[in-house]
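All remarks here apply to the structure that follows.
Residues: numbered from 1 along the sequence shown.
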Amino acid sequence: YLLFNFVLIYLIPSLMFQPLDCADIYNDRSWGSGVYLIYPAGPTSGRYVYCDMQTDGGKWTVFQRRTDGTLNFYRGWEQYKNGFGHAAGEYWLGLETIHLLILKKNYELRVDMEDFDGKKLYAKYKSFGISPMAVNAELDGYRLHVDGFEDGGAGDSLSYHNGSKFSTYDKDQDMYEGNCAVSYVGAHWYNSCYWSNPNGLYTWGADSQFGLNWRSWKAFVSVKSFSMMIRPVNLI
């Protein structure tokens with residue numbers, strides 16, 4: 001009888017709690033930053049993500065994370081659609097998962113970066129979405145929507161990509177006559193071609209057009225770490 005009560009009180013509520021994003025986890029437990037399980041599309045859709053619970057009030061769901069160059073980001077369409085890597089280290093959550101999240105809530109975007117001298121800057125956008133109005137996001141190219149830039153010292157290198165479809169080396173959807181993903185060894189919402197290249201080659205600070213670049217800060221010099229994370233608006 002006591003064991004049965006334990007199951008009812010502790011186990012069943014934990015099974016019923018299926019957070020959509022890191023904000024739900026923060027509101028429920030106020031835990032620290034780390035890897036958590038979220039459910040972007042119901043009980044069978046569990047995905048591990050890194051939650052930043054400290055930066056700027058916390059509650060951030062990280063969907064892209066570069067830290068040390070240990071993971072190859074030069075990958076094809078299916079992997080960028082479905083995600084790759086591990087949330088405890090470098091990873092990409094997946095375009096489809098990100099799209100499913102933005103269908104449920106309105107999100108803001110924060111882009112954090114650090115150079116090899118230890119300087120940390122960021123850029124913030126009050127509105128972020130991926131094909132928010134499309135019936136089929138993949139057919140729409142997982143088109144980027146960003147608006148409401150706020151400067152954290154890094155400048156704005158993403159608004160140039162607003163409205164662009166996502167491109168990989170095996171799915172060219174940019175506005176350039178060639179393939180930006182091939183030319184700059186990455187995958188991104190390339191326009192013609194880029195002002196930011198967050199999934200480019202990790203070049204350990206080298207001066208390179210193929211690196212992990214945010215032009216409004218470092219031009220073509222690759223940064224050390226880079227993360228893109230979203231949080232529901234009107235949450236502090």
Is [X] reaching over with its side chain to a backbone N or O of [Y], donor-acceptor style, under 3.5 angstrom?
X	Y	value
Y202	K224	yes
W204	V223	no
Y194	R215	no
S164	H161	yes
S157	S216	yes
S225	R66	no

At their closest point, which heavy atom of [X] faces which heavy atom of [Y], and how far apart are they?
X	Y	value
P132	L103	O-CD2, 4.2 Å
N199	Y80	CB-OH, 3.3 Å
N162	L144	OD1-O, 3.5 Å

ask   = Are D24 and K105 within salt-bridge range, i.e. N to O under 4.0 Å?
value = yes
inquiry  = So that I can tick it off, tell me whether D147 and K126 are bridged by a salt bridge, with the cut-off set at under 4.0 angstrom between side-chain N and carboxylate O.
reply    = no
message = Run Y190 and Y176 through ring-ring contact (aromatic ring centres under 6.0 Å, His included) and show every step you take.
response = CA-CA 9 Å; Y190 290 113; Y176 181 57; 9.7 Å; no
task = Quick one: which residue pairs count as a salt bridge (Lys or Arg N to Asp or Glu O under 4.0 Å) with a foot in residues 69-96, not counting sequence neighbours?
result = K81-E138
Check: F128 ring centroid to Y107 ring centroid under 6.0 Å = no
ask   = Does the separation of the ring centres of F84 and F73 fall below 6.0 angstrom?
value = yes
Is any side-chain heavy atom of [X] closer than 4.5 Å to a side-chain heavy atom of [Y]?
X	Y	result
V49	L93	yes
Q173	W77	yes
Y125	L158	yes
H86	Y91	no
I230	F63	yes
K124	L109	no
W189	H145	no

message = Run the side chain to side chain contact (heavy atoms under 4.5 Å, CB included) test against T44 and tell me which residues pass, sequence neighbours left out.
response = none
F226 six-ring face occupied by R65 cation (under 6.0 Å, within 45°) = no
Is it the case that [X] and [Y] place a side-chain donor and acceptor less than 3.5 Å from each other?
X	Y	answer
S196	H188	yes
D140	S131	yes
N213	Y184	no

Which residues share a ring pair (Phe, Tyr, Trp, His ring centres under 6.0 Å) with [X], sequence neighbours left out:
X	value
Y36	W31
Y39	none
Y169	Y74

message = Are more than 12 heavy atoms, taken from residues, nucleotides or ligands other than D151, located less than 6.0 Å from that residue's CG atom?
response = yes
query = Is the number of heavy atoms from other residues, nucleotides or ligands within 6.0 Å of NZ (K104) greater than 12?
reply = yes
task = Apply salt bridge (charged side-chain N to carboxylate O under 4.0 Å, His left out) to the pair D56 and R110, showing each step before the final yes or no.
result = CA-CA 10 Å; D56 188 22; R110 181 174 166 124; 3.8 Å; yes
remark   = Here the disulfide (SG to SG under 2.5 Å) pairs for residues 53-159, sequence neighbours left out, are none
